[in-house]
Each structure stands twice: as C-alpha cells, then as structure tokens.
There are 2 protein chains.
Amino acid sequence: MARTQGSRAEITGPLIRTHALQLFARQGYAAVSMRQIAAAVGVQAGALYSYIPDKQALLADLLESHMQDLLDAWRDDPALPALRRLEGFVRFHIDFSLDHSDAVFLSYMELRNLTPDNHHRIVALRERYETALEVILRDGVTSGTMRLDDPRLTTMALIAMLTGVTNWYREGGRLDRQRIGDIYWGLVRGAVGAD
Amino acid sequence: MARTQGSRAEITGPLIRTHALQLFARQGYAAVSMRQIAAAVGVQAGALYSYIPDKQALLADLLESHMQDLLDAWRDDPALPALRRLEGFVRFHIDFSLDHSDAVFLSYMELRNLTPDNHHRIVALRERYETALEVILRDGVTSGTMRLDDPRLTTMALIAMLTGVTNWYREGGRLDRQRIGDIYWGLVRGAVGAD
DNA sequence: GTCTATATTAGGATAGAC
DNA sequence: GTCTATCCTAATATAGAC
C-alpha cells in the first residue's frame, strides 16, 4: 500500500468513500480506524482530512448518499395496476439491495452512531421510500386486487423480508437472481392475498 | 454510580451481562468501553476482570446464551398439523424477539466481531433454529396444506420478516402484541399458500 | 495534495493494596 | 471482590514541511 508522495485529487475522494463503506459495513463504524481507511486507499491518515471534516461526517455522507441513490433509482408508474407495481417494487428492492449490500447493511446498523441532526435527515429519506410501498399496497386494497389487514405493518414486514436476502445471498450460489426474484414475488403475492 | 468499596459477588456477574448486552446493542460492541460497562454496573473497570477473561469472551458468551435460550424456549409438537405448528412458530418468534430485542439485534449485527471459533459455534446454533422452521414448511408441502417453491429460501424470508418487528415495535404503540401476531400470521399464511 | 510527526485522549488489561 | 493506579497501545485530529 505504501506509495510515493504525490497528488491524485481526482480519485482519492471517491476511493475514501468506497473503502470506508466497505470497511464500515464489514467491521462496524467504531471498529474501523482512520488509519485503516487510509491504508486501504493508499495514503497516510492525515491526508484523509483534506477530503472530509471528520469521521462522523464521512459516515453521515455515506448513509445519506445511499438513501438518495435508492430514492433516485426507484421508478414507479401510478398508471399501472397495483399488483404490477408491487411486482416491480419487489424485484427492484431485491436487485438494488444485492447491488448495494454494504450500504444496506450499514444503513440498518449504524444509524445509531449518527448525531441527532444527521440521524433525523437520513431517517426522513428512508421513510419516503417506505411510503412508496405503502401507497402501492393501499391502492391494491382499494382496487380490490389485494387483501391485507394493515398497510403500514405490511410495508415494514415486506421490506424486512426482501432486504433479508442480503443476509444469505452469495454470488454463484444455488439460486440466481432471476429465480430469487421469482420466489420472493410468489411469497409477496401470497402475503398480500393476491392469488 | 460511585459506590463504597465492598463485595457483592452474588449480583455483579449477572449485572455485567445485563448492562453489557444493552450497551452493545445500542452502541455497538466496538463503541462500548469496559469503563462504560463498569460505570453502568457500579464498579471500577478492573473489577470486571474477576468475572470475564476479556471483552471478546463477554460478547461470545452473550450471543451463545441468547441462541441457547431461543432453542430452549422453542417447543414444537410434530404430532400437530403443519399449519398449526407454523402458526405456533410465528407467534413464538415474534414474542421471543420482542422480549429479547437487544440480544436479537446484537446477534444479527456483531457476529462478525467474533473470533472464528466463537463465530462457528454460534452460527451452528442459529442454523438449528432455522432448520426447525424449514422442517415445518417441508411437512406442510408434503401434506399438501402449503404451497411454496423453495423451503430453504422461504425459511430465511419468513425469519427476516418476523424478526423485523423489532425494528419498529414500540411498547404502547398503535398495535398490541396479540394484534401484531394476528397480522403477521395472516401474511405468513398467505405467503405459504395456505389460504 | 500528501507526507511525517505529534498533541491529546482514551482504550483494554494488569498489579497490588484493602 | 473491589479499589486505585498504571502500563501499553492505539485512536482522532492537527501542524508544518515538501
């Protein structure tokens, strides 16, 4: 990792974020030192502070960017039937979660290590995403294609179920992504009484 | 918290475990210092080492005890119909998770901070519990009362969904436990095609 | 923009008195 | 069994040279 002195501003910033995300997710925010991040990037610890004010701001920035990416990536079409939109959500959420499993795990786990201000801002973004699913479920109930008792609780239950795929999925494992999406969609369809 | 010198062996040991569990769950293993735990218990940091060899052993002990408690508490009756046993599992898992939410969260999150030996032992216990559900699902499929594509994936999906209740449940909130159990059981029954 | 060096604080763990 | 005191290590963050 040792590297001769030199300037590489164009890539160091993103590298810090990439490596910090991976290290935080795998060891936990508090367990990772700035020296570790610097070593992964290939700079000395002091150099990090040209890019970030402190460790807390780095964490908050990673989590907020992730939630923003998630919201930006999700595309809904309210003109479609609710059941079709629900299927879209299921497949999107699984794919996005697997593509960003480090950030997903970090978001779940390190919210408590944020200052109250940062915490509030990021939880608000998460709630916008949850509400997107809740709206679909309510539409499904209203239009009679779904049958369920409590849209809000069902929202939380479904998101937990889908996100859980990151706990056991391994690239090249027994099931490929398409198949996983199919199976989860079958579970969800049944859960919302749409069979 | 400051306390006069004295001997209270009969309670200090359990107190260390209780407070460590709570602190680890709320701040993360790495973020909690031995001094913090000692302060919560009401002793000096050095006194902890009369009860535990080191911080790592304390974590491993908390996680292993939790998994053992879970396995001990779960009672299945293979003579009952699979659907009835599944309902029992759903209600048991929700109740147990809410009664031990700190330990549940810790188990999910801090496995990676265990040494390989400790990690292996505790994951093996967790797998025994997961298999208990998987067996019920397989029986349900065999007997024709359930319809699902992949018992192993469905096991992981259902456990993630049920455990997720710890993320949002608050004592005295909109829904009481009985009602939550009813709603989740409705979701699960639909997911396994038992309507 | 990155380096080396360091100020400052705090961590886990141990020794020996009471 | 617990206390006080301390060893040793490592942490975040900053200062100033290159």
Side-chain angles (χ1 to χ4, degrees), chain A residues 1-24 26-63 106 110 112-115 118, chain B residues 1-63 106 110 112-115 117-118:
Chain A
M1 290 294 171
R3 200 174 58 74
T4 51
Q5 197 164 334
S7 182
R8 300 199 295 181
E10 71 286 356
I11 57 168
T12 298
L15 277 182
I16 290 171
R17 295 162 47 88
T18 304
H19 284 105
L21 174 62
Q22 187 170 116
L23 288 167
F24 287 165
R26 293 180 192 183
Q27 304 178 43
Y29 170 74
V32 174
S33 70
M34 298 301 274
R35 284 171 175 79
Q36 251 184 294
I37 298 170
V41 172
V43 297
Q44 294 299 311
L48 299 179
Y49 292 88
S50 300
Y51 296 89
I52 55 162
D54 54 30
K55 196 184 176 189
Q56 163 74 206
L58 176 55
L59 175 64
D61 185 47
L62 289 172
L63 295 184
L106 200 67
E110 298 291 4
R112 66 196 172 172
N113 274 317
L114 294 172
T115 57
N118 288 331
Chain B
M1 291 295 169
R3 199 173 59 75
T4 52
Q5 197 165 334
S7 182
R8 300 201 294 180
E10 71 287 356
I11 56 167
T12 299
L15 277 182
I16 290 172
R17 294 162 49 88
T18 304
H19 284 104
L21 174 62
Q22 187 170 116
L23 288 166
F24 286 165
R26 292 179 192 183
Q27 304 180 42
Y29 170 74
V32 175
S33 70
M34 298 301 276
R35 283 172 175 79
Q36 248 185 295
I37 298 169
V41 172
V43 297
Q44 293 300 312
L48 300 179
Y49 292 88
S50 301
Y51 296 90
I52 55 162
D54 55 30
K55 196 184 178 189
Q56 161 74 205
L58 176 55
L59 175 64
D61 185 48
L62 290 171
L63 295 184
L106 201 65
E110 298 291 4
R112 63 192 176 179
N113 274 317
L114 294 172
T115 57
D117 259 18
N118 288 331

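Side-chain atoms are counted along with the backbone in the values below, which use heavy atoms only and exclude waters and symmetry mates. Chain letters run A, B, ... following the sequence lines, proteins first, then strands; residues in each count from 1.
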Which residues satisfy the side-chain contact (heavy atoms from CB on, under 4.5 Å) test with B/Ala31, sequence neighbours excluded?
A/Ala30, B/Gln27
Return the CD1 to CG distance between B/Ile16 and B/Leu21, rounded to the nearest 0.5 Å.
13.5 Å
Within less than 4.0 Å of OP1 or OP2 of C/dG1, is there a side-chain N or O belonging to A/Thr12?
no
Spell out protein contact along nucleotides 8-15 of chain C as letters: B when the base is contacted, S when just the sugar-phosphate is, - when no protein heavy atom is under 4.0 Å; keep the 5' to 3' order.
---BBBB-
Between P on D/dA11 and CG on A/Leu23, what's the gap in Å once rounded to a whole number?
13 Å
Taking side-chain contact (heavy atoms from CB on, under 4.5 Å) as the test, write out the residues that go with A/Ile52, two or more places apart.
A/Met34, A/Leu58
Separation of D/dT2 atom P from B/Leu48 atom CG, nearest Å, is 9 Å
Side-chain N,O (B/Gln44) to OP1/OP2 (D/dT4) below 4.0 Å
yes
Under the side-chain contact (heavy atoms from CB on, under 4.5 Å) test, which residues partner A/Asn118, sequence neighbours left out?
A/Gln56, A/Ala60, A/Leu114, A/Thr115, A/Arg121
Heavy-atom closest contact (B/Phe24 atom, A/Arg112 atom, distance)
O-NH1, 4.0 Å
By the salt bridge (charged side-chain N to carboxylate O under 4.0 Å, His left out) test, which pairs, at least two apart or in different chains, include something from residues 38-48 of chain B?
none
List the residues meeting side-chain contact (heavy atoms from CB on, under 4.5 Å) with A/Ala57, not counting sequence neighbours, and say none if there are none.
A/Pro53, A/Asp54
Please report the distance, rounded to the nearest Å, between CG in A/Leu58 and C1' in D/dA13.
14 Å
So if I take the C1' atoms of five pairs at each end of the helix from C/dG1-D/dC18 to C/dC18-D/dG1 and get each local axis, what angle do the two axes make, rounded to 10 degrees?
0°
Using the salt bridge (charged side-chain N to carboxylate O under 4.0 Å, His left out) rule, collect all pairs that involve residues 25-39 of chain B, keeping only residues at least two apart or in two chains.
B/Arg26-B/Asp102
